[in-house]
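Whatever order the structure lists ligands and atoms in, that order sets their numbers, starting from 1.
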Amino acid sequence: MVMTDLQFTRTEAQRLSDAEREAILRDPGFGNHFTDHMISIVWTKDAGWHDAEVLPYGPIPMDPASSVLHYGQEIFEGLKAYRRPDGSVVTFRPDANARRLNDSARRLALPEIPEELFVAAIDALVSADAAWVPSGEDQSLYLRPFLIADESFLGVRAAERARFLIIASPAGPYFTGGVQPVSIWLSDEHSRAGRGGTGAAKCGGNYAASLLPQQVAAENGCQQVLFTDSATDDTIDELGGMNLFLVRSDGTLVTPRLNGNILDGITRRSLIQLARDRGHAVEEREVTVSEWREGVEQGTITEAFACGTAAVITPIRSLKGVGLDIDFGDRAPGRLTMSLREELTGIQFGAGEDRHGWLHVVVPATEGATR
Ligand SMILES: *Cc1c(COP(=O)(O)O)cnc(C)c1O
């Protein structure tokens, strides 16, 4: 049964004073502070989705036998709410996050949530916490929906009780002091995904597995880690939490195809569309480290970047690894990289035209302006 008419019970509370909130919004950083409210919706095998609530942000009761704590049945999403110059608040392609959450849910044997309920839940939280959507340059409200199995049962099977939650955290510009190209480390010891695994699902387990390789990257002076397909050690999958693009000297963009190991990024998809709109060819296919190395040597690959909701586009300067150092030098960040970044953030923040109907208005201009 599709529950499109589930009503949210609201228990509103202002956790922090206006002055405290404003102090946080001046320099929120990323993931450090949380808003006044959160969403909780319960699912049980027998009753489906019920008990939809807007609650004061705070700890959730959890039984120590809760399945998520033992077998890691957890998935999540990430999207942002933006305040436009007219005061309105919008989210970016929330329906795509809903569909992806359900793709992840199927792989992790968690219940799917109706797309309209997911979007209504985001809207309910952003409306309750509209005062937390910052208006400074490149600032946004980061939204973190997640779904956990919380049946108290140690047997190994899919849980028959789950809980969907959304929390929100104000976010400042990802790059303070201008966009800086990063160096990335080619993981040689560890993989993030293999054929038939969970690489295409946005699950906490994939992130847990990426933390050690991320530490290895940092020890080698790199900010991010790049994973290749464990079967070839040459075919590029993606970074720990971002998709990868290479740019050829003729303006063609090349990105690994969705091979079942990588996440179907919404930023990736949006950039493919924007590049094609400009007349660039975009190839979704197998991409290898060898192609990157030889392309840079021969001058046929001129830019590289990573993309995801949190940082939008991160220009890449170099790819390092054991016996490997591919470096664009001073040519990074590339021109196309930066102009795509500007176009996408322009749409999100309301400076550019939303040709594809990607924006979802949560708080209309008239209401937003009076807050
Ligand atoms: C979330 C995520 C991305 C980026 O997806 P967006 O929808 O663009 O934010 C890329 N790779 C992984 C592994 C991710 O978890």
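Ring planes of Trp43 and Trp49: tilted class, angle from 30 to 60°.
One distance of note links CD1 of Ile122 with CD1 of Ile39; it measures 8.5 Å at 0.5 Å rounding. In this structure, CG on Leu16 lies 11.0 Å from OH on Tyr57, to the nearest 0.5 angstrom. Between the CZ atom of Phe245 and the CZ atom of Arg268 there is a distance of 6.0 Å, given to the nearest 0.5 Å. Note: Asn261 CG to Ser230 OG = 6.5 Å, rounded to the nearest 0.5 Å.
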Enumerate donor-acceptor pairs with a distance under 3.5 Å from any side-chain N or O in residues 152-161 to protein atoms, sequence neighbours excluded.
unit_1	atom_1	unit_2	atom_2	d
Arg157	NH1	Glu151	OE1	3.0
Arg157	NH2	Glu151	OE2	3.0
Arg161	NE	Asp150	OD1	3.2

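Sorted by chain and number, the residues within 4.0 Å of ligand 1 by heavy atom are Arg100, Arg192, Lys202, Tyr207, Glu238, Gly240, Gly241, Met242, Asn243, Leu263, Gly265, Ile266, Thr267, Gly308, Thr309.
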